[in-house]
Amino acid sequence: NNKSNEKISHMQEVLLDRVTLVQLTAPTVRESTVPNSGHGCFATVRSHCGSLVALYPGVVVPSALVCTVLQFLDPHNGYLMARRDGTVIDADDESPASRALWSSAVGREGRRVAVGGIAVAHKVNHSKAGANVRVQDVVFSEDCGDLVPVVVFGGAPASKRTPGVALYALRDIEEGEELFLDYAFTS
């Protein structure tokens, strides 16, 4: 039933606070171990199962605007992350359309900056069999301030809580290990 799904979805959201974000040790981005995959993310410290590993940066497109906004983005954009509530986050800062979306959301031009180095989840590569991180919908409180790695297209939400996405360790991850996520592709 829809009400139960909403309740479960709400319970799965995590309210991140400034302390959690400050304590996070950022993964490093370098050439992936997967041939022809470009960059990948690598753990810089040992992470225990369930630990916050990285944040997904970008422009948050509220579910009510997704159909309108997505028609203007590059159809080959590989940096779109959907949340369970229908909200989409665009982490592409290369295509002109995504850069225009970013500029309109922040009110200025320029590239995104990975806040404190922790907003690198968009660089994690796919592996169905070897996934060591999982996606979790999160909500950033207004107390997170400049540590929030996303901006909301169409203005800040009235609740002062910004939707986002984080990656958590599925198992213990060793220092130097590349992070992999099952993208859950469907045909």
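Computed from heavy atoms alone, side chains included, the values below leave out hydrogens, waters and symmetry copies. Note that the structure is a prediction, hence the values are computed from the model and not measured.
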Using modelled atom types only, decide if a donor and an acceptor are shared between the side chain of [X] and the backbone of [Y] within a distance under 3.5 Å.
X: H122; Y: A91; answer: no
X: E178; Y: T33; answer: yes
X: T44; Y: A26; answer: yes
X: R134; Y: D182; answer: no
X: D137; Y: R84; answer: yes

Residue pair L55, V165: steps toward the side-chain contact (heavy atoms from CB on, under 4.5 Å) verdict: CA-CA 6 Å; L55 301 176; V165 173; over 6 Å; no
Residue pairs passing the side-chain hydrogen bond (donor to acceptor under 3.5 Å, both in side chains) test with at least one member in residues 69-80, sequence neighbours excluded, are N77-D90, N77-S98
key: CA sep, side-chain torsions, deciding dist, call: N125, S37, side-chain hydrogen bond (donor to acceptor under 3.5 Å, both in side chains)   = CA-CA 7 Å; N125 286 309; S37 291; 4.6 Å; no
Check: Are R46 and E174 close enough for a salt bridge, meaning some N to O gap below 4.0 Å?
Finding: yes
By salt bridge (charged side-chain N to carboxylate O under 4.0 Å, His left out), E31 pairs with (sequence neighbours left out) none
Checklist entry - Is L167 linked to F180 within one hydrophobic cluster, defined over Ile, Leu, Val, Met, Phe, Trp and Tyr using a side-chain heavy-atom separation of less than 4.5 Å? => result no
Residues passing the ring pair (Phe, Tyr, Trp, His ring centres under 6.0 Å) test with H39, sequence neighbours excluded, are none
